Amino acid sequence: MTQLTATRTDPPESTGTGKLGAVGRWGALMARRRRVVLGAWLLFAIACGSAYPALHDRLSTPDYSVPGSESVTVDHLVAEHFARFGTEQDLIVFHSEQRTVDTPEFRTVIDRALGTTRAAAGVAGAIGPFEGNAAAQISADRHTAFGIVGVDGETPERVAIARQLKSELAAASGAGVEVMITGFAPAQADLIEIETTDMQRAEAIGLPVATAVLVLALGAVVAATLPITVTAAGIAVAVGALFGLTTFLTFDSLVLSVATMIATGTAIDYAMFIVSRFNEELTRRGVRDRRSTQAIAAAVGTAIDTTGRTILASGFIVMISLCALSVVGLPMLNGVAIGVVVAVIATLIAAFTLLPALLAALGPAVNRGPLPIRLRPRNGLERVGAVGAYRHGTPGALRRDRGRSATGRGGTDYRHPLRRRYGPHLIGESTDGSGDRTRRGQFRSRAARADRGGRHRSGQRVAR
């Protein structure tokens with residue numbers, strides 16, 4: 001009696017790109033030139049990201065005025081006919097818990113603060129508590145008083161002057177007397193500072209949460225870091241582009257907040273779709289080794305050719321919808337539209353250049369750091385693990401899997417007729433031999449019945 005020994009025959013890896021569109025061919029090109037692309041992106045992201053402090057200094061306060069409205073007309077008339085004391089009048093507040101305005105120390109602080117204010121650039125004049133209406137400018141307990149300062153210039157210029165006066169008046173405080181400035185421009189300066197701090201706090205909280213969600217969605221730590229990396233690079237490029245545009249245009253602090261918010265959401269979504277599609281293509285082609293560069297480049301090209309076209313259309317739709325903000329006619333919304341369009345373009349560039357290069361460099365290693373089996377997505381790492389690609393994160397696991405297959409203690413024998421016809425997944429088996437025996441028997445029975453039914457119907461046709 002002859003004993004037949006089953007040997008493992010791996011499915012051939014597909015290395016051809018097939019008929020790819022222009023987008024797919026571009027993705028395959030980025031995959032083949034991955035070293036050049038990664039090096040260029042590293043330098044470009046560092047150069048653009050370093051412009052963030054300078055961009056922040058050029059941002060102005062939001063301008064909520066409506067061109068041609070009655071309020072704007074009144075402001076112009078006041079500035080034209082009552083311009084003796086500046087475009088805007090703010091208050092300098094003096095307060096002390098221990099001293100009154102009649103003490104020499106309090107008077108010294110008032111004189112020093114008024115002198116500093118009058119010497120500042122952009123200040124039209126200042127009136128002290130004892131130079132105007134003392135009864136109205138000094139409190140009843142005489143522990144608090146205020147002066148009036150007139151400021152010239154447009155809103156961004158007045159905000160800059162208010163920032164300067166705030167720091168100089170704080171330095172003029174002393175002898176138990178506090179000096180502060182308040183008004184529209186100082187309030188706008190504080191608003192910009194609060195917006196920046198809140199945006200940084202939101203990013204510090206939101207990015208870790210987004211990373212955790214990506215790990216659950218993609219099933220591996222390395223795969224989850226790719227969308228975050230692409231997002232950071234895209235935002236860095238957007239910051240550099242906005243800094244260059246400030247030479248010709250004026251942006252306020254709200255532009256940067258909204259642009260980074262929308263760019264973060266779109267970049268993470270776009271990169272997640274491409275990474276997921278790349279995983280599916282690796283599984284379909286049976287790619288198990290990072291050295292299979294041609295097959296990996298083909299997988300990248302196919303992923304970009306399919307998902308990339310959808311992402312490109314989505315990006316253009318987002319940009320077109322945001323351009324509708326310019327119809328409102330508010331200068332503030334015009335700046336927001338330009339800033340967000342620039343940010344979306346930067347994220348699209350990162351998704352179509354940086355991400356294909358990263359995927360090509362990682363290959364099957366994109367699934368390093370996998371989640372436990374019960375937490376992995378059904379169509380994610382399990383299918384890649386079914387062909388033995390970095391199942392435990394090391395190439396040694398692939399060799400051990402092959403060894404178990406050769407000794408008959410696991411693996412998939414593709415020469416088996418049922419496996420060849422219906423595939424290992426349809427009969428409930430996996431390459432490591434961990435398939436459930438009950439489900440395996442059920443699928444085998446169904447496959448056998450289907451096979452016998454086909455032969456029975458074929459015999460009936462021959463009999464007729």
Side-chain angles (χ1 to χ4, degrees), residues 21-27 29-30 33 36-38 40-52 54-56 58-59 199 203 207 210 226-275 300 303-327 331-359:
V23 178
R25 292 194 299 270
W26 172 264
L29 176 64
M30 294 296 102
R33 302 290 187 266
V36 177
V37 174
L38 292 177
W41 261 101
L42 180 62
L43 297 177
F44 199 42
I46 293 176
C48 293
S50 61
Y52 178 80
L55 173 63
H56 187 268
R58 292 189 180 185
L59 296 178
M199 182 180 66
E203 292 175 351
L207 288 180
L226 291 180
I228 301 298
T229 303
V230 172
T231 300
I235 291 178
V237 173
V239 167
L242 290 175
F243 175 74
L245 290 176
T246 54
T247 307
F248 314 99
L249 303 173
T250 301
F251 297 108
D252 55 60
S253 59
L254 185 62
V255 172
L256 186 60
S257 301
V258 176
T260 54
M261 176 185 66
I262 295 181
T264 300
T266 55
I268 289 178
D269 287 344
Y270 297 162
M272 182 180 67
F273 294 151
I274 295 177
V275 172
V300 172
I304 297 296
D305 190 53
T306 53
T307 308
R309 287 182 292 181
T310 304
I311 289 172
L312 192 62
S314 174
F316 277 109
I317 291 173
V318 171
M319 289 186 286
I320 292 172
S321 62
L322 287 169
C323 289
L325 293 176
S326 59
V327 179
M332 177 192 67
L333 294 182
N334 294 339
V336 170
I338 295 174
V340 174
V341 168
V342 169
V344 173
I345 291 175
T347 56
L348 285 175
I349 293 175
F352 282 92
T353 56
L354 176 61
L355 184 56
L358 289 174
L359 292 175

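All figures in this text were calculated on a predicted structure; none of them were measured in a lab.
- Considering OG1 of T306 and CD1 of I311, their distance stands at 9.0 Å, rounded to 0.5 Å.
- Heavy atoms only, all atoms of each residue included: W41 and A350 are closest at CZ2-CA, 3.6 Å.
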request  = I would like to know whether T247 and R58 meet side chain to side chain contact (heavy atoms under 4.5 Å, CB included); could you show each step before the answer?
outcome  = CA-CA 9 Å; T247 307; R58 292 189 180 185; 3.8 Å; yes
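- The minimum heavy-atom distance linking G234 with A346 is given by the pair O-CB, 3.3 Å.
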ask   = Would F352 and L312 satisfy side chain to side chain contact (heavy atoms under 4.5 Å, CB included), going step by step from the backbone distance to the final call?
value = CA-CA 9 Å; F352 282 92; L312 192 62; 4.0 Å; yes
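- Interatomic distance, I235 CD1 to M261 CE, rounded to the nearest 0.5 Å: 11.5 Å.
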query = Given the rule in the side chain to side chain contact (heavy atoms under 4.5 Å, CB included) test, do T347 and T231 qualify, once you have shown the distances and angles that lead to the verdict?
reply = CA-CA 7 Å; T347 56; T231 300; over 6 Å; no
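- If you take OG1 on T264 and CG on D269, they are separated by 10.5 Å, rounding to the nearest 0.5 Å.
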task = Apply the test side chain to side chain contact (heavy atoms under 4.5 Å, CB included) to residues F251 and L55: give CA-CA distance (whole Å), side-chain angles for both, the deciding distance (0.1 Å), then the verdict.
result = CA-CA 9 Å; F251 297 108; L55 173 63; 5.6 Å; no
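- Nearest heavy-atom pair, V340 versus A259, reported as atom, atom and distance to 0.1 Å: CG2-CA, 3.9 Å.
- Side-chain contact between I349 and V237 is absent, with no heavy-atom pair separated by less than 4.5 Å.
- Nearest heavy atoms, F243 versus A54: CE1-CB, 3.4 Å.
- Although no hydrogens or angles enter the test, the distance criterion places a donor-acceptor pair under 3.5 Å between the side chain of T266 and the main chain of A263.
- Using a 4.5 Å heavy-atom threshold, the side chains of W26 and T353 count as touching.
- Tested against M30, the residues L358, V37, L38 include a single side chain to side chain contact (heavy atoms under 4.5 Å, CB included) partner, V37.
- The two residues V300 and G27 make their nearest non-hydrogen contact at CG1-O, 3.6 Å.
- Across every non-hydrogen atom of V255 and G339, the tightest pair is CG1-CA, 3.9 Å.
- Exactly one residue among L355, T310, V230 makes a side chain to side chain contact (heavy atoms under 4.5 Å, CB included) with I274. That residue is L355.
- Within the model, atoms SG of C323 and CG of N334 stand 10.5 Å from one another, a figure rounded to the nearest 0.5 Å.
- Within 6.0 Å of the OH atom in Y52, the count of heavy atoms belonging to other residues, nucleotides or ligands exceeds 12.
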